[in-house]
A.B. asks: 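Just passing along the structure, written as structure tokens.
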Amino acid sequence: MAVVLENVTYSYNLDEMHRIDAVKNLSLRIKEGTFVALVGHNGSGKSTFAKLLNGLLLPTSGEVKIFGNSTLDGNKIYEIRKDVGMVFQNPDNQMIASIVEDDVAFGPENLGVEREEIKERVEWALSKVGMLEYRKHTPFKMSGGQKQRLAIAGVLAIKPKVLVLDESTAMLDPQGRSEVLKVAHELNREDGITVIHITHFMEEALDADRLIVMNDGQIAFDGKPREVFKHYEKLKEIKLAVPWETQMAISLKKVGLDMGSGIVNEEELVEKLCQLL
């Protein structure tokens with residue numbers, strides 16, 4: 001297993017007398033090479049979950065294991081942080097250098113990687129995110145989507161086994177979101193990197209192998225996206241909306257049209273409507 005959480009709770013201390021459990025007795029397993037989408041409203045525990053994966057936060061109780069190594073083992077934390085690459089919400093906060101290739105080289109340089117291998121890693125990482133032609137550019141003049149792809153390249157240069165995107169599309173326009181998701185799926189499909197995509201955009205979960213919905217620090221739903229989207233009313237109760245195509249199909253079904261179930265995209269909706277007409 002790439003990721004294992006066993007009865008994990010993480011609590012934030014508000015003061016000496018009060019604390020809040022952001023993650024509550026959470027247990028789950030994620031297989032290596034899968035693409036997992038994790039969604040939830042603000043305050044559901046998503047970002048706390050992300051930080052637990054590479055030891056930025058340590059469990060108040062329970063245990064987190066990455067490829068068998070516990071984040072509670074101080075001797076293993078360095079290896080864990082090489083295995084789990086994190087990309088956060090604001091790409092501007094992740095820029096280090098004033099030249100693209102220097103920014104991507106920062107991670108492996110700090111790991112003590114040999115100079116020739118660093119050059120190879122930088123070229124490989126920039127190629128993977130479609131940014132090789134920008135290697136001599138300054139990142140601060142790029143679009144949000146380009147900056148986030150550069151942030152992913154910087155993480156890839158460390159050669160992680162798990163890529164965690166923590167709300168990495170939240171500040172991007174639709175084109176930028178599409179660019180980042182395309183890169184993430186290609187890395188998963190072509191390089192076998194385990195991807196954990198944390199988002200509040202339900203439609204970004206459509207092509208995931210697995211969809212985990214968090215609510216109040218716990219798992220509300222866990223399964224294939226199509227199966228999870230069937231719980232439309234319950235998702236609505238926890239302030240999440242299924243893709244508009246699914247909502248439309250459900251609404252049409254309520255007025256008597258035989259829309260079946262499991263419609264999640266525009267093509268499926270149009271095809272079903274054409275059949276009925």
A.B. asks: Is there a side-chain contact between Asp166 and Phe49 (heavy atoms, below 4.5 Å)?
C.D. replies: no
A.B. asks: Between the side chains of Tyr10 and Ser61, is a donor N or O closer than 3.5 angstrom to an acceptor N or O?
C.D. replies: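 The answer is no; no qualifying pair exists.
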A.B. asks: Any carboxylate oxygen within less than 4.0 angstrom of a Lys/Arg side-chain nitrogen, looking at Glu267 and Lys272?
C.D. replies: no
A.B. asks: For atom CG of Asn42, is the number of surrounding heavy atoms from other residues, nucleotides or ligands below 6.0 Å larger than 12?
C.D. replies: no
A.B. asks: Could you check whether any side-chain N or O of Asn110 sits under 3.5 Å from a backbone N or O of Phe106, counting only pairs where one atom can act as donor and the other as acceptor?
C.D. replies: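 Such a contact is found between Asn110 side chain and Phe106 backbone.
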A.B. asks: Check whether the side chains of Glu32 and Thr194 place a donor and an acceptor atom closer than 3.5 Å, and report yes or no.
C.D. replies: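 Per modelled atom types, Glu32 and Thr194 side chains form no pair under 3.5 Å.
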A.B. asks: Is a donor from one side chain sitting under 3.5 angstrom from an acceptor on the other, for Thr199 and Glu204?
C.D. replies: yes
A.B. asks: For Asn7 and Ser27, which heavy atoms make the closest approach, and how far apart are they?
C.D. replies: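 That closest heavy-atom pairing would be N-OG, 2.7 Å.
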A.B. asks: Check the pair Glu79 / Lys82 against salt bridge (Lys or Arg N to Asp or Glu O under 4.0 Å), numbers first and verdict last.
C.D. replies: CA-CA 5 Å; Glu79 185 175 347; Lys82 285 198 298 181; over 6 Å; no
A.B. asks: Given side chains that start at C-beta, do those of Lys236 and Glu233 come closer than 4.5 Å, heavy atoms only?
C.D. replies: yes
A.B. asks: Out of Lys119, Arg115, Arg121, which residue meets the salt bridge (Lys or Arg N to Asp or Glu O under 4.0 Å) rule with Glu117?
C.D. replies: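 Looking at Lys119, Arg115, Arg121, the match for Glu117 under the salt bridge (Lys or Arg N to Asp or Glu O under 4.0 Å) is Arg121.
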A.B. asks: Taking the six-membered ring of Phe67, is NZ or CZ of Lys161 closer than 6.0 Å to its centre and within 45° of its axis?
C.D. replies: yes
A.B. asks: Linking I/L/V/M/F/W/Y whenever their side-chain heavy atoms sit closer than 4.5 Å, directly or via other members, would Val23 and Val164 fall into one cluster?
C.D. replies: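 In one cluster: yes.
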A.B. asks: May I ask you to say whether Glu167 pairs ionically with Lys46, meaning some side-chain N is under 4.0 Å from a carboxylate O?
C.D. replies: yes
A.B. asks: Output yes when a side-chain donor or acceptor of Glu190 lies under 3.5 Å from a complementary backbone atom of Leu187, and no otherwise.
C.D. replies: no
A.B. asks: Would you say His41 and Asn215 are linked by a side-chain donor-acceptor pair, where the criterion is simply a distance under 3.5 Å?
C.D. replies: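 There is such a pair (donor and acceptor under 3.5 Å, judged by atom type) between the side chains of Asn215 and His41.
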A.B. asks: Keeping the roles fixed (side chain from Thr138, backbone from Ser98), state whether a donor-acceptor pair exists under 3.5 Å.
C.D. replies: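 Present.
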A.B. asks: For Leu53 and Val162: C-alpha separation, side-chain torsions, deciding distance, then whether side-chain contact (heavy atoms from CB on, under 4.5 Å) applies.
C.D. replies: CA-CA 10 Å; Leu53 296 181; Val162 179; 5.7 Å; no
A.B. asks: Mark yes or no for whether Ser178, through its side chain, and Pro174, through its backbone, hold a donor-acceptor pair below 3.5 Å.
C.D. replies: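 Pair absent, no side-chain N/O of Ser178 close to backbone of Pro174.
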A.B. asks: Are Ile30 and Val8 in one and the same hydrophobic cluster, where Ile, Leu, Val, Met, Phe, Trp and Tyr link if side-chain heavy atoms are under 4.5 Å apart?
C.D. replies: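 Cluster IDs for Ile30 and Val8 match.
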A.B. asks: Whether Asp209 and Lys224 form a salt bridge (side-chain N of Lys/Arg under 4.0 Å from carboxylate O of Asp/Glu) is what I want to check.
C.D. replies: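 No salt bridge links Lys224 with Asp209.
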A.B. asks: For the side chain of Thr246 and the backbone of Val242, is there at least one donor-acceptor N/O pair under 3.5 Å apart?
C.D. replies: no
A.B. asks: Check the pair Leu28 / Ile212 against side-chain contact (heavy atoms from CB on, under 4.5 Å), numbers first and verdict last.
C.D. replies: CA-CA 10 Å; Leu28 64 84; Ile212 298 171; 4.2 Å; yes
A.B. asks: In terms of hydrophobic clusters joined by side-chain contacts under 4.5 Å, are Leu38 and Phe221 together?
C.D. replies: no
A.B. asks: Hydrophobic cluster membership, with links at side-chain heavy-atom distances under 4.5 Å among I/L/V/M/F/W/Y: are Val87 and Val100 in one?
C.D. replies: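 Result: yes, single cluster for both.
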A.B. asks: Within the distance-only criterion (no hydrogens, no angle test), does the side chain of Ser70 pair as donor or acceptor with the backbone N or O of Lys65 below 3.5 angstrom?
C.D. replies: no
A.B. asks: Is a side-chain donor or acceptor of Glu63 paired with a backbone partner of Leu5 at a separation under 3.5 angstrom?
C.D. replies: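 Here the side-chain-to-backbone pair does not exist.
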A.B. asks: For the residue pair Asn54 and Ile80, what are the closest heavy atoms and their distance?
C.D. replies: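 The answer is CA-CG2, 3.9 Å.
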A.B. asks: Is there a side-chain contact between Leu269 and Leu273, using heavy atoms and a 4.5 Å cut-off?
C.D. replies: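 The answer is yes; the side chains approach within 4.5 Å.
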A.B. asks: Output yes when a side-chain donor or acceptor of Asn13 lies under 3.5 Å from a complementary backbone atom of Arg19, and no otherwise.
C.D. replies: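 Not a single qualifying donor-acceptor pair exists.
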A.B. asks: Within 45° of the axis and under 6.0 Å from the centre of the six-membered ring of Phe35, does NZ or CZ of Arg210 qualify?
C.D. replies: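 No - Arg210 does not lie over the ring of Phe35 by the 6.0 Å and 45° rule.
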A.B. asks: Salt bridge or not for Lys24 and Asp216, using N-O below 4.0 Å?
C.D. replies: yes
A.B. asks: How about Asp21 and Thr9: does a side-chain donor come under 3.5 Å of a side-chain acceptor?
C.D. replies: no
A.B. asks: Inspect the contact between Lys128 and Glu186 and indicate whether a charged nitrogen and a carboxylate oxygen are less than 4.0 angstrom apart.
C.D. replies: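 Salt bridge flag = no for Lys128 with Glu186.
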A.B. asks: Under the 3.5 angstrom rule, does the side chain of Arg135 hit a backbone N or O of Glu123 as a donor-acceptor pair?
C.D. replies: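 Checked: no pair found.
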A.B. asks: Indicate yes or no for a side-chain donor-acceptor contact from Gln94 to the backbone of Ile152 under 3.5 Å, with no hydrogens or angles considered.
C.D. replies: no
A.B. asks: Under a single-linkage definition using a 4.5 Å side-chain heavy-atom cutoff for Ile, Leu, Val, Met, Phe, Trp and Tyr, are Val122 and Val155 assigned to the same hydrophobic cluster?
C.D. replies: yes
